[in-house]
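Just below is one structure, and these are the notes that go with it.
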Amino acid sequence: MNPIQSYIAAHKERFLDELIALLKIPSISADPAYSTAVLTAADALKERLEQAGCTSVKIYDTEGYPILYGEKIIDKALPTVLVYGHYDVQPPDPIALWDAPPFEPVIKTTEIHPEGAIFARGACDDKGQLYMHVKALELMIANGTLPCNVKFMIEGEEEVGSKHLATFVATHKALLQNDVILISDTGMIANTIPSITTGLRGLSYVEVEVTGPNRDLHSGLYGGAVANPINSLTQMIASLHDENHHITIPGFYDNVETLSKDERAEMGKAPFQLDAYKKALDIDAVYGEKGYTTNERNSIRPTLDVNGIWGGYTGEGAKTVIPSKAYAKISMRLVPNQDWQTITQRFTTHFKNIAPKGVTVKVTPHHGGQGYVTPTDSIGYKAASKAYATTFGKTPIPQRSGGSIPIVALFEEALQSKTILMGFGLDSDAIHSPNEHFGIWNYLKGIETIPYFYKYFTELSK
Ligand code: BES
Ligand code: MN
Ligand code: MN
């Protein structure tokens with residue numbers, strides 16, 4: 001065992017206990033009922049950053065949830081790594097589908113995680129992955145091997161669109177000055193197939209409201225004679241895709257980046273087993289845009305999905321009613337060169353245009369952001385690649401992800417530095433779903449790999 005491995009072996013139980021304590025705090029940013037818990041999570045992390053050896057640890061208040069900052073500056077002449085993460089989590093709903101309560105972490109083994117996984121909301125997204133960085137810093141300071149400067153910026157509004165982070169970044173550029181941004185908030189292909197995320201999709205998230213008659217009506221007396229907003233809404237939504245699952249909004253694909261044959265062939269080399277994919281989701285077929293593979297559909301192609309739809313009577317039994325209103329929440333995942341505000345505008349115009357007579361449509365944009373692609377020839381990417389090669393014994397595969405961290409594109413704009421996405425989660429870890437978990441092996445492997453990133457980044461920067 002090398003000194004990194006010895007330190008982890010000696011402190012493993014405490015590393016787990018500390019994460020478990022953090023996971024007990026229900027820091028759900030979307031639900032105002034949990035606002036105290038969100039603040040508690042920020043306070044708890046402040047203490048942990050100080051314990052790990054950070055100085056100038058400070059909670060910066062915003063108009064929303066606070067941003068936590070801490071740093072360990074050893075020599076201004078050395079490179080600086082800025083670590084970003086988020087302490088807020090998604091709502092755990094539907095709670096009934098959890099095997100154990102979402103904020104009472106339990107350790108269980110699974111087929112994919114024979115060494116055990118921590119089950120709790122936020123285990124992987126993002127408390128577990130963020131905390132790897134706190135423990136990696138503790139380890140490097142304790143072992144006397146920290147090779148460069150480190151800054152932490154941890155927010156509490158990522159899951160609700162990072163509303164106040166942009167202003168914070170814009171007004172604290174000197175504080176946040178760095179040579180590379182490091183984030184663990186994505187995944188990798190498998191524990192035996194390490195990969196580095198080289199792309200994130202952009203996002204446009206909107207809510208639509210369709211209004212018919214001025215009140216709910218008796219569905220016998222009025223049925224057939226006035227437009228039913230739920231019927232209209234579902235027809236409108238259905239028309240947003242054609243028979244090839246291509247999106248029908250005019251101009252939607254205008255700036256979409258097209259990958260070359262070679263780039264697509266390179267992507268196609270990433271290991272992917274369709275049968276295992278279908279089996280893991282209990283589906284008998286995959287679905288999507290004609291002409292693209294599953295991996296392409298969920299990374300280099302834009303999409304449109306209904307995330308929620310409601311209206312009318314959904315209680316027990318039956319109520320014969322034509323509702324006055326129908327609603328849906330719709331997300332569009334975007335790819336490089338698509339501007340999220342332009343797409344939001346095009347969606348709004350189109351959705352209003354296709355409304356049938358007899359209903360009115362309101363579109364409310366929620367949040368969004370630009371996609372991101374990071375080059376594989378940067379010092380940051382090379383350092384990350386070498387770090388994985390060292391601890392996994394295999395060179396990681398570059399892979400674009402379908403998820404979004406909208407603030408990443410903004411970091412590059414405001415701070416002029418690249419982001420390296422070193423994710424240690426797996427798609428099967430059920431982030432945003434019931435029974436979210438994070439493998440103990442992954443957690444410890446992350447803590448082991450991160451110090452090598454610092455080492456190689458510092459060496460390659462010379
Ligand atoms: N950590 C995720 C994003 C992610 C997960 C990217 C896995 C790649 C792989 C992040 O917390 C998240 O959930 N982002 C949201 C967007 C945000 C604006 C709410 C998303 O992708 O839905
Ligand atoms: Mn996340
Ligand atoms: Mn998330």
Side-chain angles (χ1 to χ4, degrees), residues 22-23 27-31 38 41 64-65 83-93 102 120-133 153-166 182-190 195-207 295 298-300 302-308 329-335 340-341 343-344 365-374 398-411 419-434 436-438 442 446:
L22 206 57
L23 291 169
S27 48
I28 308 164
S29 52
D31 188 345
V38 185
Y65 289 120
V83 176
Y84 162 84
H86 61 95
Y87 61 80
D88 63 322
V89 302
Q90 285 276 329
D93 311 73
R121 172 56 87 230
C124 179
D125 184 12
D126 180 41
K127 286 174 180 166
Q129 297 216 68
L130 162 66
Y131 207 60
M132 297 181 313
H133 288 271
M153 174 174 65
I154 309 172
E155 71 154 320
E157 298 185 304
E158 197 279 339
E159 299 291 10
V160 289
S162 303
K163 279 189 205 76
H164 302 95
L165 191 60
L182 183 60
I183 304 180
S184 293
D185 195 22
T186 55
M188 56 181 188
I189 298 174
S195 60
I196 297 177
T197 304
T198 51
L200 294 164
R201 285 197 285 193
L203 179 69
S204 164
Y205 199 106
V206 298
E207 184 167 326
N295 269 341
N298 67 24
S299 64
I300 59 162
T303 58
L304 182 152
D305 277 290
V306 177
N307 292 236
K329 291 185 193 278
I330 296 173
S331 70
M332 287 162 276
R333 295 284 170 171
L334 311 175
V335 298
W340 77 273
Q341 317 225 36
I343 292 293
T344 305
H366 264 273
H367 53 74
Q370 297 298 106
Y372 186 73
V373 192
T374 194
Q399 197 178 50
R400 290 210 209 173
S401 171
S404 309
I405 311 178
I407 208 71
V408 171
L410 212 135
F411 287 159
T419 291
I420 301 299
L421 299 157
M422 287 177 68
F424 293 92
L426 301 177
D427 281 354
S428 55
D429 287 346
I431 64 169
H432 293 206
S433 303
E436 173 178 353
H437 54 281
F438 190 34
N442 300 68

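Start at 1 and go down the list; that is how both ligands and their atoms are numbered.
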Considering only N, O or S atoms of E159, the one closest to the Mn ion (ligand 3): OE2
Contact (N/O only, under 3.5 Å) between S401 and ligand 1: no
Residue part near ligand 1, for V160, under 4.0 Å between non-hydrogen atoms: neither
Nearest candidate to atom 19 (C) of ligand 1, where distance is taken over non-hydrogen atoms, out of Q90, E157, E159: E159
Residues I431, Q90; criterion side chain to side chain contact (heavy atoms under 4.5 Å, CB included); working and verdict: CA-CA 9 Å; I431 64 169; Q90 285 276 329; over 6 Å; no
Min heavy-atom dist D126 to ligand 1 below 4.0 Å: no
Atoms in ligand 1 flagged as close to P406, the criterion being non-hydrogen separation under 4.0 Å: 18 (C)
H86 backbone or side-chain N/O/S under 2.8 Å from the Mn ion (ligand 3): no
Ligand 1 contacted by H86 (non-hydrogen, < 4.0 Å): yes
Numbered atoms of ligand 1 (with element) below 4.0 Å of I431, judged on heavy atoms: 5 (C), 7 (C)
Shortest heavy-atom approach to atom 3 (C) of ligand 1 - which of G403, S404, G425: S404
Which of the ligand 1 atoms, numbered from 1, are nearer than 4.0 Å to a heavy atom of R333: 20 (C), 21 (O), 22 (O)
Pairwise side-chain contact, L165 with M153, heavy-atom cut-off 4.5 Å (strictly under): yes
I183/D126 under side chain to side chain contact (heavy atoms under 4.5 Å, CB included): CA gap, chis, key distance, verdict: CA-CA 10 Å; I183 304 180; D126 180 41; 5.7 Å; no
Mutual orientation of the aromatic rings belonging to F411 and Y84 [parallel < 30°, tilted 30-60°, perpendicular > 60°]: perpendicular
Residue portion contacting ligand 1 (non-hydrogen atoms closer than 4.0 Å) for S331: neither
S331 and N307, any side-chain heavy atoms less than 4.5 Å apart: yes
Non-hydrogen side-chain atoms of S162 and E155 separated by less than 4.5 Å: yes
Which segment of D185 sits under 4.0 Å of ligand 1 when only heavy atoms are counted: both
Ligand-side contact atoms (ligand 1) for residue partner T186, heavy atom cut-off under 4.0 Å: 6 (C), 7 (C), 8 (C), 9 (C)
Minimum side-chain heavy-atom gap H367-K163 below 4.5 Å: no
Any donor-acceptor N/O pair, T374 side chain to T198 backbone, under 3.5 Å: no
Sole candidate of V89, L23, D429, D125 that passes side chain to side chain contact (heavy atoms under 4.5 Å, CB included) when paired with E436: D125
Partner of S404 by side chain to side chain donor-acceptor pair (under 3.5 Å), out of Q370, R201, R333: R333
Atom 11 (O) of ligand 1 [closest protein heavy-atom partner, distance rounded to 0.1 Å]: E158 OE1, 2.7 Å
Where the Mn ion (ligand 2) is the vertex, angle from D125 OD1 to D185 OD1 to 10°: 90°
contact_flag R201 ligand 1 heavy-atom lt 4.0 Å: no
Within 6.0 angstrom of D427 CG, more than 12 heavy atoms from elsewhere: no
